[in-house]
Amino acid sequence: MALGVVALPVLAGCATGPSLETRSRITASPGDSRDLAIGSAGFTESELLAQMYAALLDHAGYRTHVLTVGNRELYEPALEAGQIDVVPEYAATFADWLNAKAHGSKAPPVASPDLGVTLRALRRLAGPRGLTVLPPGRAVDQNAFAVSAAYARKHHLKTLGDLGRAKLPVRLAAGEECVQRPFCAPGLRKAYGINVTVIDPKGVGTTPAKQAVQNGQDQMVLTTSTDATLDQFGLVLLTDDKKLQNADYVLPVVNRSRAGSARPAAALNRLNKVLTTTDLAHLNEQVDSWRRLPADVARHYLQEKGLLPKG
């Protein structure tokens with residue numbers, strides 16, 4: 001079945017979502033609608049995941065279409081309202097987002113590097129909103145730190161712990177917020193003893209940030225674990241061996257009353273058996289660097305992994 005990508009302008013009027021007090025369907029039996037809208041946040045990785053979800057659900061007998069929605073502030077209320085039925089999410093980020101929505105922006109974080117702790121918090125927050133959090137797979141998209149391959153060889157670095165023990169001065173290319181964020185400079189200093197001397201505000205994983213590490217202006221860059229362009233700049237990731245970063249595992253979140261039954265879950269869970277962080281980075285590369293269409297990349301991957309028939 002054809003997968004359409006359309007805008008969803010009606011969402012602008014429902015940014016706060018329906019009233020929780022009036023939603024009796026939260027406790028209703030999980031639904032199994034045959035027509036499902038799959039939400040995408042509009043960036044490459046989200047689009048790829050949405051297309052894979054749609055293809056798997058199509059193969060399981062559903063009729064699907066992909067809705068591209070700009071940000072979580074729009075698609076999450078639409079998910080609650082049943083305008084969107086399934087979205088790809090990230091466990092730790094979504095848990096803290098829902099927590100802030102429920103308890104205010106100054107609420108203490110509920111996500112942690114421990115996946116079990118993070119999932120329990122996420123499901124506790126999602127359930128009252130009529131949302132079901134499906135199991136995560138192996139793919140993780142979380143903050144990560146990279147250095148040049150030459151720098152890593154010279155100083156025998158494979159992990160962030162190695163860098164801390166080396167006691168080297170480190171200029172870090174990152175966003176301005178890195179100065180205060182606990183996962184960034186403060187965490188690197190506290191958890192690893194890394195001597196971060198300067199935050200070079202070039203952004204998270206941007207080309208200028210990577211070029212600054214490539215040419216030796218900076219020693220390390222903040223990027224993500226599914227960054228597909230590191231090889232182009234001669235960079236390598238250092239392992240987060242003390243698990244400073246939260247457990248941002250990829251997982252589907254569904255509207256319980258429309259797609260909360262076992263059948264959609266079974267179709268989507270098939271992806272968990274094959275999709276890895278490395279796979280996701282390579283898929284991103286095919287779209288961002290090779291200029292292939294996300295739907296084509298998603299379908300080819302599922303066929304190669306035996307989740308869809310070829311041809």
Side-chain angles (χ1 to χ4, degrees), residues 43-45 90-93 96 109 111-115 118 138-250 276-285 288-289:
F43 59 92
T44 296
E45 186 168 290
Y90 302 90
T93 297
D96 280 338
S112 89
D114 186 306
L115 178 59
T118 298
R138 292 179 287 165
V140 186
D141 187 354
Q142 61 192 22
N143 296 301
F145 296 90
V147 299
S148 74
Y151 184 82
R153 286 193 300 271
K154 180 179 178 180
H155 298 290
H156 309 290
L157 306 177
K158 292 184 177 180
T159 69
L160 290 170
D162 292 338
L163 182 57
R165 287 185 289 273
K167 303 300 181 184
L168 297 164
V170 174
R171 284 176 55 94
L172 175 60
E176 293 181 356
E177 68 277 5
C178 181
V179 174
Q180 298 180 336
R181 293 279 175 88
F183 68 80
C184 203
L188 291 173
R189 294 186 182 108
K190 183 177 180 180
Y192 288 106
I194 294 174
N195 181 20
V196 179
T197 59
V198 174
I199 301 299
D200 187 3
K202 285 184 164 58
V204 179
T206 63
T207 294
K210 294 171 191 172
Q211 288 173 334
V213 176
Q214 182 184 38
N215 64 29
Q217 176 185 342
D218 298 332
Q219 285 73 52
M220 188 161 67
V221 59
L222 170 62
T223 183
T224 66
S225 56
T226 59
D227 189 328
T229 66
L230 294 178
D231 286 348
Q232 298 174 24
F233 298 90
L235 307 182
V236 295
L237 292 177
L238 296 181
T239 300
D240 180 16
D241 49 319
K242 293 187 179 179
K243 299 189 181 301
L244 173 63
Q245 304 304 320
N246 284 339
D248 249 340
Y249 283 73
V250 175
T276 66
T277 303
T278 300
D279 288 347
L280 199 47
H282 184 55
L283 296 175
N284 287 335
E285 181 183 27
D288 291 337
S289 298

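Heavy-atom basis, side chains included; hydrogens, waters and symmetry copies ignored.
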For L157 versus A166, what's the shortest heavy-atom pair and its separation? CD2-CB, 4.4 Å
Counting only pairs under 3.5 Å, give me each side-chain donor-acceptor contact of residues 173-181, with atom names and distances, residues two or more places apart or in other chains.
none

Please step through side-chain contact (heavy atoms from CB on, under 4.5 Å) for the pair N195 and V170, ending with a clear verdict. CA-CA 6 Å; N195 181 20; V170 174; 5.7 Å; no
Could you pull out all residues at least two apart from R165 that satisfy salt bridge (Lys or Arg N to Asp or Glu O under 4.0 Å)? D162
So, using side-chain hydrogen bond (donor to acceptor under 3.5 Å, both in side chains) as the criterion, who are the partners of T224 when residues are at least two apart? none
Residues pairing under salt bridge (Lys or Arg N to Asp or Glu O under 4.0 Å) where one sits in residues 230-248, two or more places apart or in two chains, turn out to be none
Anything under 3.5 Å between a donor and an acceptor, one on a side chain of residues 208-222, the other on a protein residue two or more places apart or in another chain? List them.
| unit_1 | atom_1 | unit_2 | atom_2 | d |
| --- | --- | --- | --- | --- |
| K210 | NZ | G205 | O | 3.3 |
| K210 | NZ | D227 | OD1 | 3.1 |
| K210 | NZ | D227 | OD2 | 2.7 |
| K210 | NZ | T229 | OG1 | 2.4 |
| N215 | OD1 | Q217 | N | 2.9 |
| N215 | ND2 | Q211 | O | 3.1 |
| Q217 | NE2 | D200 | OD2 | 3.4 |
| D218 | OD1 | R171 | NE | 2.8 |
| D218 | OD1 | R171 | NH2 | 3.3 |
| Q219 | OE1 | R171 | N | 2.7 |

Between A228 and A281, what is the shortest heavy-atom contact and its length? CB-O, 2.9 Å
Using the rule side chain to side chain contact (heavy atoms under 4.5 Å, CB included), only one of L235, T206, N143, L230 pairs with T223; which is it? L230
Could you check whether atom OH of Y249 has more than 12 heavy atoms from other residues, nucleotides or ligands sitting under 6.0 Å from it? no
Applied to residues 143-160, the salt bridge (Lys or Arg N to Asp or Glu O under 4.0 Å) test, sequence neighbours excluded, yields none
Quick one: closest heavy-atom pair of R138 and T277, and the distance? O-OG1, 3.6 Å
In short, D141 meets S225 closest at the heavy-atom pair CA-OG, 3.3 Å
side-chain contact (heavy atoms from CB on, under 4.5 Å) for Y192 and T159? Distances and angles first, verdict last. CA-CA 10 Å; Y192 288 106; T159 69; over 6 Å; no
Look up atom CD in Q245 and atom OG in S112, then write down how far apart they are to the nearest 0.5 Å. 12.0 Å
State which residues pass side-chain hydrogen bond (donor to acceptor under 3.5 Å, both in side chains) with T276; sequence neighbours excluded, sorted by chain then number. D279
Disulfide bond (SG atoms under 2.5 Å apart): which pairs involve residues 189-234, sequence neighbours left out? none
Partners passing side-chain contact (heavy atoms from CB on, under 4.5 Å) against V236 (at least two apart in sequence or in another chain): V147, A149, A152
Partners meeting ring pair (Phe, Tyr, Trp, His ring centres under 6.0 Å) with Y151 (sequence neighbours left out): H155
Which residues satisfy the side-chain contact (heavy atoms from CB on, under 4.5 Å) test with V250, sequence neighbours excluded? L49, Y53, Y90, A139, L280
Side chain to side chain contact (heavy atoms under 4.5 Å, CB included) partner of I194, the single match among L238, L168, L188: L188
All heavy atoms of N246 vs all of A92, minimum pair found to be CB-CB, 3.5 Å
Value rounded to 0.5 Å, distance of CG in D288 from CZ in F43: 11.0 Å
